[in-house]
Amino acid sequence: MTADDLTHICVILSNMIDESLLAKVTSVSPADRLELIGAVWNTLSPDDLSVTDAERALLDARLVDMEAHPDDQSPWPEVKARLERLTR
């Protein structure tokens, strides 16, 4: 994420969130902001997350493919490592 992206997001959020809260969030490190995102995400229930019929169909198809081809899957640490190598 670039600084311009963060600025754009901050402008959007400033219309939704108290300015002092937004200032606190943007003043912490990226790692801390990511941790905060996770903490906020964890407050949501499945009912809070709407899924369209098209998204549900895609998820169902991916689940069927995963179950049909279990050897084609990679554990998260391997995927993360590959992504990190690509971004270096």
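- Nearest heavy-atom pair, Arg56 versus Val51, reported as atom, atom and distance to 0.1 Å: N-CG1, 3.6 Å.
- The distance from the CD atom of Gln73 to the CD atom of Glu78 is 11.5 Å, given to the nearest 0.5 Å.
- Within 6.0 Å of atom CG in Asp53, 12 or fewer heavy atoms from other residues, nucleotides or ligands are found, so the atom counts as exposed in its surroundings.
- Nearest heavy-atom pair across Lys24 and Ser27 is O-OG, 2.8 Å.
- A distance of 9.0 Å separates CG in Leu58 from OG1 in Thr52, rounded to the nearest 0.5 Å.
- The side-chain heavy atoms of Leu36 and Val28, taken from C-beta on, include no pair separated by under 4.5 Å.
- In plain terms, the two heavy atoms of Ser50 and Glu55 that are nearest each other are O-OE1, 4.1 Å.
- Nearest heavy-atom pair, Asp48 versus Thr43, reported as atom, atom and distance to 0.1 Å: OD2-O, 4.4 Å.
- Annotation: the span from Leu21 atom CG to Thr26 atom OG1 amounts to 9.5 Å, rounded to 0.5 Å.
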